[in-house]
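These notes concern the structure reproduced below.
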Amino acid sequence: MKPSIPKGTRDFGASELRKRYYIINTIKGEFERFGYAPLETPVMENLSTLTGKYGDEGEKLLYRILNSGNFLDGIDASQLSEMSHKQLQTQIAEKGLRYDLTIPFARYVVMNQSRLAFPFKRYQIQPVWRADRPQRGRYREFYQCDADVIGTNSLLNEAELTQLYDRVFAQLKIPVTIHLNNRKILAAMAETAQQSDRLTDITVAIDKLDKIGMDGVRRELTERGIDEIAQNIIADFLRIEGSPEVVLAQLAERFANSEMGKKGIAEMKTLLQYLQTATDGGSPLANHLKIDLTLARGLNYYTGTIYEVKTNIVQMGSLGGGGRYDDLTGAFGLKGMSGVGISFGLDRIYDVLEETKGFAQIDQTGTTRLLLINFGGAAEQYAFRLVTQLRQSGICAELYPEPAKLDKQMKYANAQQIPYVGFTGDEEMTRQQVKIKNMASGEQKSVAIADAISRLIK
RNA sequence: GUACUCAUAGCUCAGUAGGUUAGAGCGUCGGAUUGUGGUUCCGAAGGUCGUGGGUUCGAGCCCCAUUGGGUACCCCA
């Protein structure tokens, strides 16, 4: 049998993991700095938790787990042929793999509401699964790194999360643009165009502006049944360009009669003011901040601020996204809990750094400081005792597991980039010493065990 | 769900117009070298050319189908 792994999944070797840990540690460090606490949830959830949350497109991408045992038990064979695959699905699968970290978080909050102190801030770094067609920057199993705060309406949270995005990408040295928009502004735009009930159709179309241009957007809107008068109003909005202040001023003119629009603008203004205040007039962020009226985000649970982070140093989808949701916990029976959160796409960040040689500074050596050569017999016993002692002293050390040829053992040390090799031959044993060789310089010296320990402690 | 593209040794790839026994580099193993690695030299193992069918005197190469990988659309981190 030829071994293989499912399409869109990957194994991670030592060198890849060291790079992944570097990213994770950077993100985790900022999460902690901003006061978020860790959380992990199961890889599988009840399907009832997941369904109805991600829209039709998302629902198709859910991995469903076949019930254990005889999953056909209780299914009428005569009805089988008349059942749609969707109907059958609900009867033979009641669990699924998590699709994102936000819904499991909402589920967790509702289940533990009596124990949690609100506002509740948590971060979560775990894999999620989507039954998508893999391609560049897209995998079936990938990591999301989420930070969410729930139980507070304050836009201070939005400001902090913007800073959090900024800090992480500044540390990773990936120049990004943080795209900001507000669902209320989008809703007001649809309202102004007399198309409030077609918000989703409109956002799907305008989201493609930079890809297909204004003509393409108009074509898409036509296909979705939006008339030309409405299209003109929408196109007029999309012409708004410039600094956040300019964009907001122009929006204010158009939203003179829209309560929803005014609210969206006010929220955006407050957010920007917080950011300005933070640095006392200095440049608030290391990265670009842009009000992007075409930013919509597919998930329909967003109600206020929405985020998306993109880089233009390499061709890649968004590196992160998020936003405010007013009623995510409502579906689980807890009303009136507003929250806001952001997500980092670990795998895409990895791909960007890999392509731009952004990992150059990562230490790729292993942790082992010393390899003891195995000469067999009494020398092996002596070396095993020594390696035990070294480890008890907190030194990462290895003893080659068999008395192989010296050449082979030395090559092993090279391959693992182990900085020191220790020899314990007859001479060293009688003197209770070990000969330590520095693999980089080639220098070697016989020293007493105690000296060896103090030498090897960094 | 649609389209495009690729598939030869463990890995990365050559393979000329269809023509004898399918090659290289890296890696692995052995040797030069039984207590001193990186460099070097010598040698060895390793392939039903993704699979099935067809055309041909003859197919890794041409045709059809199929499977798998990649990419684009859709959607998304």
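Order of the sequence lines fixes the chain letters, A, B, ..., with proteins taken first and strands second; residue numbering starts at 1 for each chain. Just so it is clear, the model here is predicted, and its values are computed rather than measured. Both backbone and side-chain heavy atoms feed into the values below; hydrogens, waters and symmetry mates do not.
Comparing the same atom, P, in U55(B) and in A17(B) gives a spacing of 26 Å after rounding to whole Å. Look at the P atom in both U20(B) and G46(B): the space between them is 23 Å, to the nearest Å. Nucleotides C4(B) and G37(B) place their C1' atoms 49 Å apart, quoted to the nearest Å. Nucleotides G18(B) and A77(B) have their P atoms positioned 49 Å apart, rounded to a whole Å. Comparing C61(B) with U16(B), their P atoms sit 11 Å apart, to the nearest whole Å. Straight-line distance between the P atoms of G38(B) and C29(B): roughly 13 Å, to the nearest whole Å. For A24(B) and A14(B), the P atoms lie 16 Å apart once the distance is rounded to whole Å. Spacing between G70(B) and U33(B) at atom P, rounded to whole Å, works out to 48 Å.
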Protein proximity profile, nucleotides 71-77 of chain B - base contact B, sugar-phosphate-only contact S, no contact -, cut-off 4.0 Å on heavy atoms: SBBBBBB

Per-nt protein contacts along nucleotides 34-43 of chain B (heavy atom under 4.0 Å; B base, S backbone sugar-phosphate only, - none) come out as -BBBB-----

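For the pair E16(A) and K19(A), the salt-bridge criterion is not met [side-chain N within less than 4.0 Å of a carboxylate O]. E57(A) and K60(A) are joined by a salt bridge, as a carboxylate oxygen and a charged side-chain nitrogen come within less than 4.0 angstrom of each other.
With 3.5 Å as the limit, one finds no donor-acceptor pair spanning the side chains of Y307(A) and D292(A). Donor-acceptor pairing under 3.5 Å is recorded for the side chains of Y412(A) and E398(A). A donor and an acceptor atom, one from each side chain of E160(A) and Y274(A), are nowhere located under 3.5 Å apart. Between the side chains of N374(A) and E380(A), at least one donor N or O sits under 3.5 Å from an acceptor N or O.
The aromatic rings of Y22(A) and F359(A) sit perpendicular to each other, their planes meeting at more than 60°, with 30° as the lower class boundary. Taking the six-membered ring where tryptophan is involved, the planes of F169(A) and F344(A) are tilted, since the angle between them lies from 30° to 60°.
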When Watson-Crick pairs (N1 to N3 and N6-O4 or O6-N4) and G-U wobble pairs (N1-O2 and O6-N3) count only below 3.5 Å on both distances, what is the dot-bracket string of RNA chain B, with | for other-strand pairs? (((((((..((((.....[...)))).(((((.......))))).....(((((..]....))))))))))))....

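With contacts defined as side-chain heavy-atom distances shorter than 4.5 Å, the pair I226(A)/R198(A) qualifies.
With values rounded to the nearest 0.5 angstrom, I233(A) atom CD1 is found 11.5 Å from E228(A) atom CD.
Nearest approach of L371(A) to I418(A), heavy atoms of both residues: N-CG2, 3.6 Å.
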